[in-house]
Amino acid sequence: MIKLEQVSKIFYKKKREIQALKDITLHIEKGDIFGIIGYSGSGKSTLVRTINLLERPTSGDIYLQGKNIVSLSEKELIPFRRKIGMIFQHFNLLSSRTVFDNVAFPLQLTNMTKAEINKKVDNLLDMVDLSEKREEYPVALSGGQKQRVAIARALASDPEILLCDEATSALDPQTTRSILSLLKRINRELGITIVLITHQMEVVRAVCNRVAVISAGELVEENEVNVLFEFPKSPITQELLNPTLTID
Ligand SMILES: Nc1ncnc2c1ncn2[C@@H]1O[C@H](COP(=O)(O)OP(=O)(O)OP(=O)(O)O)[C@@H](O)[C@H]1O
């Protein structure tokens with residue numbers, strides 16, 4: 001469903017070159033909850049942003065459902081981007097709009113009628129268990145509730161893929177569990193493929209079926225989650241599994 005073939009990304013900052021991704025090849029199957037894990041600065045965000053070409057790779061190819069999208073224009077990308085929803089660590093809600101209007105926002109840009117939008121948004125709010133917060137503004141919500149609104153908004157366009165960029169990193173463990181269980185339900189019930197980036201191994205263990213470990217822009221290891229947890233090969237994976245906070 002998603003194939004990255006030898007994807008590299010170089011950023012140029014003043015005269016300095018930053019190689020954020022080096023020759024990454026990854027295949028994500030339909031229905032996967034695919035984890036991408038690595039330390040801060042390893043290239044996770046850049047990698048996930050190449051999937052919808054928010055970040056264009058310097059070289060390499062990206063296939064969505066068999067079609068190489070790297071050479072498409074912004075206009076040609078629209079139908080592909082419509083199939084991809086995204087949620088973020090800091091939720092990115094519109095503070096001047098109510099919960100209802102945040103979720104309705106992507107639908108108001110289509111030719112759906114008001115009644116169709118109302119019905120769809122109410123169903124989505126019901127799905128994320130936020131019906132009673134319909135008329136609240138984001139400021140009145142907890143972090144977990146804000147992330148539920150963001151998930152409902154991402155689902156409004158009926159995506160086939162949901163990209164999650166550190167979606168639970170700003171949440172406490174209990175709220176993290178409830179968001180992860182919602183993501184699992186979305187994957188199971190709606191058949192949405194999920195790509196989830198995180199620096200927390202316990203998040204990968206809780207929901208993912210496959211995982212890729214990246215370090216300094218390189219793919220160091222990839223496997224089924226239970227195999228990787230049982231037989232971690234690379235030192236980075238072993239360290240991520242047994243984090244210590246020892247200070248010299
Ligand atoms: N727009 C940019 N311009 C220049 N350098 C960038 C840009 N975006 C990312 N980088 C650099 O690319 C490298 C990878 O960054 P990236 O944000 O992908 O890592 P990350 O693993 O997601 O880190 P974090 O978990 O801290 O967000 C870093 O060295 C970063 O400074």
Side-chain angles (χ1 to χ4, degrees), residues 9 11 13 18 20-21 33-56 81-82 84-109 121 124-125 127-130 133-157 159 161-187 192-204 206-208 211-212 214 217 240 243:
K9 175 72 185 182
F11 289 109
K13 220 173 185 180
I18 301 163
L21 298 175
I33 304 187
F34 195 101
I36 296 171
I37 187 158
Y39 287 119
S40 181
S42 57
K44 305 182 297 293
S45 286
T46 307
L47 180 60
V48 85
R49 287 161 60 85
T50 60
I51 295 175
N52 55 5
L53 290 195
L54 276 181
E55 212 66 80
R56 281 185 183 266
R81 287 206 173 119
R82 208 170 279 145
I84 306 178
M86 194 163 184
I87 58 170
F88 306 88
Q89 179 173 3
H90 297 298
F91 324 121
N92 294 11
L93 300 180
L94 298 165
S95 57
S96 60
R97 287 173 163 251
T98 62
V99 165
F100 178 91
D101 284 331
N102 264 278
V103 180
F105 186 60
L107 302 176
Q108 286 160 350
L109 306 173
V121 174
L124 286 165
L125 290 179
M127 168 152 205
V128 301
D129 207 11
L130 273 185
K133 300 285 182 189
R134 195 178 188 272
E135 300 308 327
E136 300 279 2
Y137 285 86
V139 70
L141 304 179
S142 69
Q145 289 167 340
K146 285 181 195 166
Q147 196 58 290
R148 284 171 187 275
V149 177
I151 290 170
R153 181 180 58 183
L155 296 181
S157 325
I161 298 165
L162 182 64
L163 306 178
C164 308
D165 189 347
E166 296 279 10
T168 55
S169 298
L171 305 174
D172 63 47
Q174 198 183 352
T175 313
T176 294
R177 266 194 297 278
S178 82
I179 294 294
L180 293 178
S181 109
L182 176 60
L183 291 177
K184 215 165 179 170
R185 188 150 67 86
I186 286 166
N187 168 261
I192 294 178
T193 304
I194 295 181
V195 183
L196 183 150
I197 74 166
T198 179
H199 62 277
Q200 297 168 295
M201 271 294 191
E202 61 271 24
V203 167
V204 169
V207 286
C208 298
V211 57
I214 67 166
L240 282 160

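In what follows, every heavy atom counts, from backbone to side chain, and hydrogens, waters and symmetry copies are set aside.
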For the student: nearest non-hydrogen atoms of Ala206 and Leu180, plus distance:
CB-CD1, 4.0 Å
Quick note, salt bridge (charged side-chain N to carboxylate O under 4.0 Å, His left out) partners involving residues 86-102, not counting sequence neighbours, are none
Can you tell me how far the CG atom of Leu155 sits from the CG atom of Leu182, to the nearest 0.5 Å?
8.0 Å
Please report the interatomic distance CG(Leu54) to OG1(Thr46), rounded to the nearest 0.5 Å.
11.0 Å
What is the distance from atom CD1 of Ile151 to atom CZ of Phe91, rounded to the nearest 0.5 Å?
10.0 Å
Where do Pro138 and Asn102 come nearest, in terms of heavy atoms and distance?
CG-ND2, 3.9 Å
Between Asn187 and Val207, does a side chain to side chain contact (heavy atoms under 4.5 Å, CB included) hold up when you go through it step by step?
CA-CA 10 Å; Asn187 168 261; Val207 286; over 6 Å; no
Give a yes or no answer on whether the side chain of Arg82 reaches the backbone of Ser157 with a donor-acceptor pair at less than 3.5 Å.
no
Output for pair (Leu124 CG, Leu130 CG), nearest 0.5 Å, gives 11.0 Å
With salt bridge (charged side-chain N to carboxylate O under 4.0 Å, His left out) as the rule and sequence neighbours excluded, what pairs involving residues 36-50 come up?
Lys44-Glu166, Arg49-Glu55
Where do Ser169 and Gln89 come nearest, in terms of heavy atoms and distance?
CB-NE2, 3.6 Å
Between Thr193 and Phe34, is there a side-chain heavy-atom distance shorter than 4.5 Å?
no
Crowding at CD, Glu135 (>12 non-hydrogen neighbours, <6.0 Å):
yes
Strictly distance-based, threshold 3.5 Å: is any side-chain N or O of Arg134 a donor or acceptor partner for the main-chain N or O of Val121?
no
Any side-chain heavy-atom pair of Ile87 and Cys164 under 4.5 Å:
yes
Identify the residue among Thr176, Thr175, Leu196 that makes a side chain to side chain contact (heavy atoms under 4.5 Å, CB included) with Thr168.
Thr176
Flag, side chain of Gln147 to backbone of Phe88, donor-acceptor distance under 3.5 Å
yes
Quick one: pull up CZ in Arg185 and CD1 in Ile192 and give me the separation to the nearest 0.5 Å.
11.5 Å
If every non-hydrogen atom of Asp165 is compared with every non-hydrogen atom of Ser45, which pair is closest and at what distance?
OD2-OG, 3.2 Å
State, with a plain yes or no, whether a side-chain heavy atom of His199 is found less than 4.5 Å away from one of Ser42.
no
Backbone of Leu53 reached by a side-chain donor or acceptor of Arg81 within 3.5 Å
yes
Can you find a pair of side-chain heavy atoms, one from Leu183 and one from Leu162, that are under 4.5 Å apart?
yes
Is the closest side-chain heavy-atom distance between Met201 and Val211 below 4.5 Å?
no
Rounded distance (nearest 0.5 Å) linking atom CG of Asn92 with atom NZ of Lys146
11.5 Å
For Gly43 and Leu21, which heavy atoms make the closest approach, and how far apart are they?
O-CD2, 3.5 Å
